[in-house]
Amino acid sequence: MEREKTCCFTGHRPQTLGWKQKEPDLRRILMEERLALEVERAYRLGYRHFITGMARGSDLLAAEAVLRAKLLHPDIRLEAAVPCKGQTQHWTSAEQAQYERILAQCDQAPDYLPDYDEGCMMRRNRYMVTKSSRIIAVYNGRTNGGTKKTLLLAVEEGLDIVILDPEDPMQGA
């Protein structure tokens with residue numbers, strides 16, 4: 001995997017995004033379209049390797065966009081950067097099924113997973129950022145949290161940063 005051809009994702013969980021989970025929400029539908037556009041844009045720029053942190057919300061939406069793009073571009077690879085064992089243990093059964101379906105289609109996933117500890121999510125985020133030259137973030141401007149910290153890492157590492165506003169997903173498209 002070449003860093004110059006690798007793009008990772010970060011973004012908020014469903015509770016921060018504020019989208020309705022059990023019924024269609026236009027913002028979610030538009031974000032799915034925007035992520036597909038950004039994956040295609042990255043592909044045209046030469047990106048072939050994509051890394052998702054496999055978290056609920058933005059990460060899984062991004063992974064779905066990559067898997068759809070892979071149907072058109074078989075040279076795309078999707079890596080699951082799973083942070084720890086039991087990541088899905090408190091998720092709904094529908095979320096767990098989505099996770100397992102995506103994981104089964106990934107080209108790369110860790111062979112060994114550590115137990116959960118306080119720093120495992122940030123280690124996962126650091127891994128993704130240091131292996132990438134571009135990051136696509138679903139970010140609402142919050143001044144704290146994992147998405148903000150990951151974006152700060154991306155700035156430190158000099159990544160090309162694309163920010164998608166979950167309230168207005170098509171802004172800047």
Side-chain angles (χ1 to χ4, degrees), residues 6-45 47 49-70 76 78-83 87-88 90-103 105-106 120-122 124-129 131-173:
T6 301
C7 175
C8 65
F9 301 95
T10 190
H12 300 300
R13 307 296 185 273
Q15 62 273 19
T16 303
L17 293 168
W19 298 334
K20 300 174 184 108
Q21 295 300 303
K22 300 203 191 272
E23 57 189 81
D25 188 300
L26 181 59
R27 294 169 299 177
R28 179 189 169 111
I29 294 165
L30 290 173
M31 184 56 72
E32 289 170 352
E33 289 180 25
R34 181 64 187 276
L35 283 164
L37 286 170
E38 291 303 329
V39 168
E40 183 62 29
R41 185 171 289 147
Y43 183 85
R44 283 186 274 128
L45 290 170
Y47 292 88
H49 190 97
F50 295 84
I51 307 174
T52 175
M54 295 296 290
R56 295 169 55 242
S58 303
D59 287 4
L60 294 182
L61 288 177
E64 297 272 17
V66 172
L67 291 172
R68 284 191 303 277
K70 193 172 177 168
I76 286 177
L78 179 60
E79 177 180 352
V82 181
Q87 181 179 11
T88 65
H90 299 296
W91 297 10
T92 67
S93 59
E95 291 168 335
Q96 289 176 357
Q98 179 188 26
Y99 174 95
E100 291 299 330
R101 182 179 46 74
I102 291 169
L103 190 60
Q105 296 178 73
C106 286
C120 67
M121 302 300 176
M122 276 312 294
R124 182 256 336 259
N125 297 344
R126 181 173 296 283
Y127 167 82
M128 293 191 309
V129 167
K131 298 296 182 190
S132 302
S133 64
R134 182 181 188 90
I135 188 167
I136 299 171
V138 178
Y139 178 60
N140 65 8
R142 285 182 61 180
T143 58
N144 60 2
T147 301
K148 174 68 175 188
K149 290 176 184 173
T150 304
L151 283 169
L152 290 173
L153 282 173
V155 169
E156 286 175 20
E157 290 287 325
L159 272 63
D160 179 25
I161 299 172
V162 177
I163 296 179
L164 311 180
D165 181 351
E167 290 300 315
D168 188 5
M170 299 311 275
Q171 178 184 352

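Just so it is clear, the structure is predicted and the values come from calculations on it, not from any experiment. No hydrogens, no waters, no symmetry mates; every other heavy atom, side chains included, goes into these values.
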Point to revise | Candidate pair Leu17 and Val138, rule side chain to side chain contact (heavy atoms under 4.5 Å, CB included), full reasoning | key: CA-CA 9 Å; Leu17 293 168; Val138 178; 3.8 Å; yes
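With sequence neighbours excluded, the residues that form a side chain to side chain contact (heavy atoms under 4.5 Å, CB included) with Ala81 are Ile51, Arg124, Tyr127, Met128. Listed by chain and residue number, nothing satisfies the side chain to side chain donor-acceptor pair (under 3.5 Å) test with Asp59 (two or more places apart in sequence, or in another chain). Qualifying salt bridge (Lys or Arg N to Asp or Glu O under 4.0 Å) partners for Glu64, counting only residues two or more places apart in sequence or in other chains: Arg101. Residues passing the side chain to side chain contact (heavy atoms under 4.5 Å, CB included) test with Arg142 are His12, Thr16, Asn140, Asn144, sequence neighbours excluded. Every side chain to side chain donor-acceptor pair (under 3.5 Å) that Tyr47 has, sequence neighbours left out, goes to Ser133. Every residue meeting the side chain to side chain contact (heavy atoms under 4.5 Å, CB included) condition with Ile76, not counting sequence neighbours, appears here in chain and number order: Tyr43, Phe50, Val66, Ala69, Lys70, His73. Take Thr52 and apply the side chain to side chain donor-acceptor pair (under 3.5 Å) test, not counting sequence neighbours, and it matches no residue. When the side chain to side chain contact (heavy atoms under 4.5 Å, CB included) test is applied to Ala80, the partners found at least two apart in sequence or on another chain are Met54, Val82, Leu103, Cys106, Ala109. Under the salt bridge (Lys or Arg N to Asp or Glu O under 4.0 Å) criterion, Glu32 pairs with Arg28, sequence neighbours left out.
Distance alone, capped at 3.5 Å, is enough to place a donor-acceptor pair between the Thr92 side chain and the Glu95 backbone. Listed for the Thr6 side chain is no donor-acceptor partner under 3.5 Å among the backbone atoms of Ser132.
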Show me the donor-acceptor pairs, under 3.5 Å and distance only, between side chains in residues 158-169 and residues at least two apart or in other chains.
from: Asp160; atom 1: OD2; to: Arg134; atom 2: NH1; distance (Å): 2.2
from: Asp165; atom 1: OD1; to: Glu167; atom 2: N; distance (Å): 2.9
from: Glu167; atom 1: OE1; to: Arg27; atom 2: NH1; distance (Å): 3.3
from: Glu167; atom 1: OE2; to: Arg27; atom 2: NH1; distance (Å): 3.2

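Within the 4.5 Å cutoff, the side chain of Gln87 has heavy atoms near those of the Tyr99 side chain. Looking at Phe9 and Val39, their side chains come closer than 4.5 Å, going by heavy atoms from C-beta outward. Gln105 places none of its side-chain heavy atoms less than 4.5 Å from the side chain of Leu78.
The CE atom of Met121 lies 11.5 Å from the OG1 atom of Thr150; values are rounded to the nearest 0.5 Å. In this structure, Cys7 SG and Glu79 CD are separated by 12.5 Å, a value rounded to the nearest 0.5 Å. If you take CG on Leu60 and CZ on Arg56, they are separated by 9.0 Å, rounding to the nearest 0.5 Å.
Heavy atoms from other residues, nucleotides or ligands lying under 6.0 Å from CZ of Arg13 number more than 12.
For residues 141-173, there are no ring-ring contact (aromatic ring centres under 6.0 Å, His included) pairs, not counting sequence neighbours. Sorted by first and then second residue, the salt bridge (Lys or Arg N to Asp or Glu O under 4.0 Å) pairs with a member in residues 146-159 read Arg3-Glu157; sequence neighbours excluded.
Between Gly53 and Pro83 the shortest heavy-atom distance is O-CD, 3.9 Å. Nearest heavy atom pair, residue Asn125 against residue Gly146, reads ND2-O, 4.1 Å. Pairing each heavy atom of Ser58 with each of Thr10, the nearest pair is CB-O, 4.5 Å. For the residue pair Ala36 and Arg68, the shortest heavy atom distance occurs at CB-NH2, 4.4 Å.
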